[in-house]
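First the structure, then my questions, so here it is.
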Amino acid sequence: CIAFGEWHQTRDITLPKGIQVNDLSISSSGELWILSTSSILKYEAASDNPFLIQEFRNGKVLAVHGSKVYVIDQGNQLFSIDASDQEYSVVKDISLMGPQRIAVVGPDTDPSIIIQEPNQLSFIRNMQITGQLSSAVDRFTTVPLGDYSIPETPFFTLAQNRIYAWTDGSVHNIQGYQKRQIFSAAHTIFDITADKSGNIFVLFADSVVVIDPEGTYKTTVSIDNVPMNSAILYNPANDNVLIFNRTMRNVRVLSSTNKYATGELITLHSNQPNPVDNYTEIEFTLAQPLDLTLTIYNLIGEPIKVLAQGRYANGTHRVIWRATDERGNVVPNGIYFYRLESKKGVAIRQLIILR
């Protein structure tokens with residue numbers, strides 16, 4: 001429990017009115033993607049306002065992997081969409097039966113797609129089905145950024161309030177996978193998700209239970225009651241956990257106050273996203289209240305913009321930079337530095353503007 005710290009709600013994201021949300025996904029850079037009945041929308045990592053990526057009719061489930069968005073429609077057809085230019089292609093030679101969830105793993109150049117169907121998981125590489133595992137599955141989740149070419153990397157399934165870990169196989173040896181039960185519960189489990197270390201977040205009506213990859217209990221996070229059709233997601237960019245309440249049409253963001261504990265007085269975290277297009281979020285953690293200044297500098301050391309100045313309490317703070325200078329002008333592409341300075345010390349990190 002001490003290792004995970006105390007979890008608390010940092011904010012709520014209210015989803016757009018007038019749309020039916022069919023599925024959600026989070027990219028490795030922390031963007032929240034929404035699949036509605038008519039379109040694909042994206043929230044940038046620190047934004048409360050979505051923007052349209054692609055009109056898409058009758059979408060059912062989606063996953064985001066690198067620059068690609070994978071969507072399955074109500075006709076069980078798989079689509080691959082390039083988010084950079086919004087071009088999409090249809091995978092015509094794959095027949096799916098009632099797909100319910102999709103995940104994409106592996107490198108961007110050679111990804112593998114895992115699709116949950118009734119009583120089986122289907123694996124796809126190079127847009128061909130390479131194998132299937134017969135198993136009744138209510139939900140499944142993969143380890144973000146996990147290497148699924150090796151047998152040690154697990155994925156997890158939920159069936160009848162029992163959680164199973166699958167190991168000993170790989171995307172190159174699907175039939176080698178073996179499952180073992182690692183957790184069970186008397187109360188109904190709504191959903192599961194995993195973090196980069198393979199820890200599993202188990203969503204109940206009034207709590208989130210955290211277990212390690214072997215099923216050992218770590219901690220419980222109390223939450224307000226959520227309906228059974230709620231979902232839980234993990235953000236690999238900042239380790240936050242998101243709970244999607246379909247009834248209330250909002251996404252609750254949970255953050256651990258101790259997740260960045262390092263023993264340092266000042267910790268300046270990597271900005272997200274990086275490279276930067278039109279904005280980035282800079283996060284820093286203080287072990288005690290301090291007077292500080294956070295400034296953006298260009299490559300030759302000239303100050304571009306002061307983002308924060310004054311006294312800040314202990315804890316984690318977030319600042320948004322929209323890639324503009326003090327006059328509001330958009331800065332050119334290139335390498336920049338952000339410097340956090342106080343009487344107790346200085347921390348510096350690099351970022352890249354690339355449009």
Side-chain angles (χ1 to χ4, degrees), residues 1-11 13 26-32 44-48 144-145 195-197 199 210 218-219 221 234-242 253-326 328 331 334-354:
C1 295
I2 294 174
F4 269 80
E6 295 182 1
W7 288 78
H8 65 286
Q9 178 182 336
T10 54
R11 64 184 180 126
I13 301 172
I26 299 179
S27 70
S28 59
S29 58
E31 299 158 334
L32 176 64
E44 293 179 331
S47 173
D48 287 329
L145 310 179
D195 68 10
K196 290 177 288 188
S197 299
N199 298 299
V210 186
K218 284 184 169 289
T219 191
V221 184
Y234 167 75
N235 188 334
N238 55 22
D239 297 317
N240 287 340
V241 174
L242 284 69
V253 181
L254 303 178
S255 178
S256 172
T257 57
N258 204 36
K259 65 182 177 182
Y260 295 121
T262 62
E264 299 291 335
L265 182 60
I266 301 172
T267 304
L268 183 60
H269 308 295
S270 299
N271 63 297
Q272 296 292 340
N274 191 29
V276 180
D277 184 355
N278 57 1
Y279 88 100
T280 191
E281 180 179 275
I282 298 173
E283 190 173 85
F284 57 90
T285 300
L286 306 178
Q288 68 181 51
L290 288 175
D291 293 307
L292 58 83
T293 302
L294 177 63
T295 308
I296 300 290
Y297 292 85
N298 63 17
L299 189 59
I300 62 175
E302 297 173 333
I304 299 299
K305 188 171 187 177
V306 175
L307 299 183
Q309 190 170 40
R311 189 166 184 83
Y312 284 77
N314 60 301
T316 299
H317 305 271
R318 299 172 183 83
V319 178
I320 302 298
W321 183 42
R322 301 198 178 277
T324 58
D325 60 19
E326 291 287 5
V331 300
I335 298 174
Y336 295 81
F337 298 90
Y338 52 105
R339 173 186 172 105
L340 182 64
E341 182 177 5
S342 77
K343 292 183 179 180
K344 297 289 187 177
V346 175
I348 301 174
R349 282 187 177 270
Q350 176 184 295
L351 61 79
I352 298 173
I353 303 291
L354 183 61

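Scope of the values below: all heavy atoms of this structure, side chains included, with no hydrogens, waters or symmetry mates. If you read the sequence from its start, that first residue is 1, and numbering goes on from there.
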Heavy-atom closest contact (I353 atom, A323 atom, distance):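 So the minimum-distance heavy-atom pair works out to CD1-CB, 4.0 Å.
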With sequence neighbours left out, what residues match D277 under side-chain hydrogen bond (donor to acceptor under 3.5 Å, both in side chains)?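 Testing D277 for side-chain hydrogen bond (donor to acceptor under 3.5 Å, both in side chains), a comparison that skips the adjacent residues, returns none.
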Pairing residues for D325 by the side chain to side chain contact (heavy atoms under 4.5 Å, CB included) criterion, not counting sequence neighbours: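 Scan of D325 (side chain to side chain contact (heavy atoms under 4.5 Å, CB included), adjacent residues dropped) gives I304, R327, N329, V331.
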Is it true that a side-chain atom of N278 and a backbone atom of R322 form a donor plus acceptor pair closer than 3.5 Å?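 Side chain of N278 to backbone of R322, a donor-acceptor pair under 3.5 Å: no, none is there.
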Check: Q272 and N238 side chains under 4.5 Å, non-hydrogen atoms: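 No. Closest side-chain heavy atoms not under 4.5 Å.
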Contact summary for S28 and L145, nearest pair of heavy atoms: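 Distance-wise, the nearest heavy atoms are CB-CD2, 4.2 Å.
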Pairing residues for Y312 by the side-chain hydrogen bond (donor to acceptor under 3.5 Å, both in side chains) criterion, not counting sequence neighbours: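 Result, side-chain hydrogen bond (donor to acceptor under 3.5 Å, both in side chains) vs Y312: none returned.
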If every non-hydrogen atom of K196 is compared with every non-hydrogen atom of P236, which pair is closest and at what distance?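 Minimum heavy-atom contact is NZ-O, 3.0 Å.
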In the structure I gave you, are the side-chain heavy atoms of F284 and L292 within less than 4.5 Å of one another anywhere?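 Yes, at least one pair of side-chain atoms sits under 4.5 Å.
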Under the side-chain hydrogen bond (donor to acceptor under 3.5 Å, both in side chains) rule, collect the residues that match up with D291, sequence neighbours excluded.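 Result, side-chain hydrogen bond (donor to acceptor under 3.5 Å, both in side chains) vs D291: R311.
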Considering only heavy atoms from C-beta outward, does the side chain of L32 approach that of N235 to under 4.5 Å?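 They are not in side-chain contact.
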Would you give me the side-chain donor-acceptor pairs under 3.5 Å for residues 293-300, sequence neighbours excluded?
| from | atom 1 | to | atom 2 | distance (Å) |
| --- | --- | --- | --- | --- |
| N298 | OD1 | I300 | N | 3.2 |
| N298 | OD1 | G301 | N | 3.1 |
| N298 | OD1 | E302 | N | 2.8 |
| N298 | ND2 | E302 | OE1 | 2.8 |

First locate atom CG of N240, then atom CG of L254, and finally report the distance between them rounded to the nearest 0.5 Å.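 Rounded to the nearest 0.5 Å, the CG-CG separation comes out at 8.0 Å.
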Is N271 close to R349 at the side-chain level, that is, under 4.5 Å between some pair of heavy atoms?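 When only atoms from C-beta onward are counted, N271 and R349 do not touch, as no gap falls below 4.5 Å.
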So which atom in E283 and which in T316 form the shortest heavy-atom distance, rounded to 0.1 Å?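 Taking E283 first and T316 second, the nearest heavy atoms are CG-CG2, 3.3 Å.
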Just wondering, do L351 and W321 contact through their side chains at under 4.5 Å, heavy atoms?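 In contact.
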To the nearest 0.5 Å, how far apart are OG in S270 and CD in E281?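 S270 OG to E281 CD: 12.5 Å, rounded to 0.5 Å.
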Drop me the distance from L242's CG to Y234's OH, to the nearest 0.5 angstrom.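 Interatomic distance, L242 CG to Y234 OH, rounded to 0.5 Å: 11.5 Å.
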Do you know the tightest heavy-atom contact between A313 and L286?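 Closest approach of A313 to L286: O-CD1, 3.7 Å.
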Mind checking side-chain hydrogen bond (donor to acceptor under 3.5 Å, both in side chains) for E341 and listing every partner two or more places apart, or none if nothing turns up?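 E341 satisfies side-chain hydrogen bond (donor to acceptor under 3.5 Å, both in side chains) with R339 once adjacent residues are dropped.
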